[in-house]
Amino acid sequence: MSLDAELLLDWFADTARDLPWRRPECTAWGVLVSEIMLQQTPVARVEPIWHEWLARWPTPSAMAEASQGDVLRAWGKLGYPRRALRLHAAAQAIAEQHDDVVPQDVDTLLTLPGIGAYTARAVAAFAYGQKCPVVDTNVRRVVARAVHGAGDAGPPSTTKDLRDVEVLLPDDDAAVYSAALMELGALVCTARAPKCADCPVFDACAWQLNGRPAYDGPAKAVQKFAGTDRQVRGLLLDVLRGTDEPVAKTRLDLVWSDAGQRDRCLHSLLVDGLVEQTREGLFALPGEH
DNA sequence: GACGCGTGGGG
DNA sequence: TCCCCAAGCGT
């Protein structure tokens with residue numbers, strides 16, 4: 001229990017970023033959209049797209065009526081576009097099965113596409129003020145250092161990670177405390193070059209008291225991108241986002257020289273539902289033809 | 001539990 | 001220049 005709630009809450013009140021999904025007027029739907037967009041994606045890239053989305057689709061039912069193609073085009077280059085399809089499907093489920101109201105219950109949220117252990121609890125806490133452990137990569141790092149005295153978090157383990165954070169939560173303002181833990185990891189207790197001089201819990205930090213040991217867990221796998229299917233899929237989708245009309249395969253063939261990889265990627269995009277083939281054999285974003 | 005899934009900014 | 005990394009999820 002080395003993360004004093006009062007210190008953290010005061011620090012958060014003084015220095016937290018003014019993000020639109022944290023404002024009191026933001027709806028639960030707005031919170032959900034932000035959480036999906038923020039998965040593996042920096043705040044600076046999310047913010048403008050989030051504003052566009054909430055203005056265009058202010059409710060789940062509004063988005064449910066849009067086509068998949070429109071949603072994918074509005075997603076733009078945020079990355080991992082399958083998130084956009086899952087959010088669209090979640091919007092349809094909320095509209096049709098939950099009276100257009102984002103569920104409050106973690107177990108119900110977990111049944112929705114694209115909502116996992118983190119996002120379900122983030123919505124419960126940040127949209128509905130519930131006391132439940134919200135564990136993302138920032139929180140895992142803060143707990144690893146400040147509580148366990150390690151240089152960084154080891155491999156994720158949902159059960160253990162939830163338990164670690166649950167015991168920290170104060171009875172009052174638990175949701176704000178959760179936001180503060182995340183903010184601390186995002187702004188101060190960062191992966192590279194943590195700003196310990198600015199840390200509100202410096203005096204209680206187990207990592208400091210432990211002599212700042214280096215991370216000694218298993219090496220983290222570094223994800224390659226150049227030359228992977230992920231890059232090729234991104235190039236193919238970028239062509240389709242940029243046009244209103246279905247395109248011939250010869251047009252898609254221009255984006256990558258390796259025909260085998262190209263065809264494999266186009267096929268996987270079809271399987272994922274990110275691309276559709278028209279009766280004429282042309283290719284387009286789904287749901288418009 | 002490991003792997004695949006986009007994209008771009010900063011050190 | 002590279003290389004690391006950024007509020008995960010589904011299989």
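Reminder, nothing fancy here: chain letters follow the sequence lines and each chain counts from 1. Values below: all heavy atoms of this structure, side chains included; hydrogens, waters and symmetry mates excluded. Please read all numbers here as calculations on a predicted model, not as lab measurements.
Out of dG8(C), dA7(C), dC5(B), the shortest distance to the side chain of Asn138(A) is found at dA7(C). When each of dA6(C), dC9(C), dC5(B) is scored by its nearest atom to the side-chain atoms of Gln223(A), the top-ranked nucleotide is dC5(B). Comparing dC5(B), dA6(C), dG8(B) by their nearest atom to the side chain of Arg230(A) picks out dC5(B). Of the candidates dC5(B), dA6(C), dC4(C), dC4(C) carries the atom nearest the Val222(A) side chain, counting heavy atoms from C-beta on. Among the nucleotides dG6(B), dG9(B), dA7(C), the one closest to any side-chain atom of Arg192(A) is dG9(B). The side chain of Lys77(A) sits closest to dT7(B) out of dT7(B), dC9(C), dG4(B). In this structure, the nucleotide among dG6(B), dA6(C), dA7(C) sitting nearest to the side chain of Pro42(A) is dA6(C).
The distance between atom CZ of Arg264(A) and atom P of dG4(B), rounded to the nearest whole Å, is 11 Å. Whole-Å rounding puts the Met182(A) CE to dA7(C) C1' distance at 4 Å. Taking atom CG on Leu235(A) and atom P on dG6(B), their separation rounds to 11 Å, with Å as the unit.
A salt bridge links Asp164(A) to Lys160(A): at least one charged side-chain nitrogen sits closer than 4.0 Å to a carboxylate oxygen. Salt bridge absent: Arg140(A) and Asp136(A) never bring a charged side-chain N and a carboxylate O closer than 4.0 Å. Salt-bridge annotation for Lys131(A) and Asp171(A): present, with a side-chain N of the basic residue lying under 4.0 Å from a carboxylate O of the acidic one. Between Arg22(A) and Glu183(A) a salt bridge is recorded (basic side-chain N to carboxylate O distance below 4.0 Å). Residues Lys195(A) and Asp198(A) are not paired through a salt bridge, judged by the lack of any N-O separation under 4.0 Å between the basic side chain and the carboxylate.
Residue-level contact check: Arg86(A) touches the backbone only, with heavy atoms under 4.0 Å from sugar-phosphate atoms and none from bases. Residue-level contact check: Ile36(A) touches neither bases nor backbone, having no heavy atom under 4.0 Å from any strand. Using a 4.0 Å heavy-atom distance criterion, Trp75(A) is classed as making no nucleic acid contact. As judged by a 4.0 angstrom heavy-atom cut-off over every strand, Leu19(A) is placed among the base-contacting residues. Residue contacts for Val46(A): at a heavy-atom cut-off of 4.0 Å it reaches no nucleic acid atom on any strand shown. No engagement by Ser34(A) is indicated, since no non-hydrogen atom pair under 4.0 Å with the nucleic acid exists. Across all strands shown, Gly116(A) has heavy atoms under 4.0 Å from sugar-phosphate atoms exclusively, and none from any base. Ala117(A) comes within contact range of the sugar-phosphate backbone alone, with a heavy-atom separation under 4.0 Å but no base atom that close. Nucleic acid contact class of Asp272(A) (heavy atoms, under 4.0 Å, all strands): none. Using a 4.0 Å heavy-atom cutoff across all strands shown, Arg17(A) reaches at least one base atom of the nucleic acid. Ala191(A) comes within contact range of the sugar-phosphate backbone alone, with a heavy-atom separation under 4.0 Å but no base atom that close.
Mapping Pro155(A) and Arg83(A) onto DNA chain B via the closest heavy atom, the residue that lands nearer the 5' end is Pro155(A). Comparing Leu269(A) and Pro156(A) against DNA chain B, the residue whose closest nucleotide sits nearer the 5' end is Pro156(A).
Here, dG1(B) and dC9(C) have their C1' atoms 14 Å apart, quoted to the whole Å.
With hydrogens and angles left out, the side chain of Ser157(A) and the base of dG1(B) share no donor-acceptor pair within 3.5 Å. At a cut-off of 3.5 angstrom, the base of dC9(C) holds no donor-acceptor pair with the side chain of Gln40(A). Applying the 3.5 Å distance criterion, the base of dT7(B) shares a donor-acceptor pair with the side chain of Arg45(A).
When atom types are taken as modelled, the side chain of His88(A) and the backbone of Ala66(A) share a donor-acceptor pair closer than 3.5 angstrom.
The shortest distance between the side-chain N/O atoms of Thr119(A) and the OP1/OP2 oxygens of dA7(C) is not below 4.0 Å.
If you look at Trp75(A) and Trp53(A), their ring centroids are closer than 6.0 Å.
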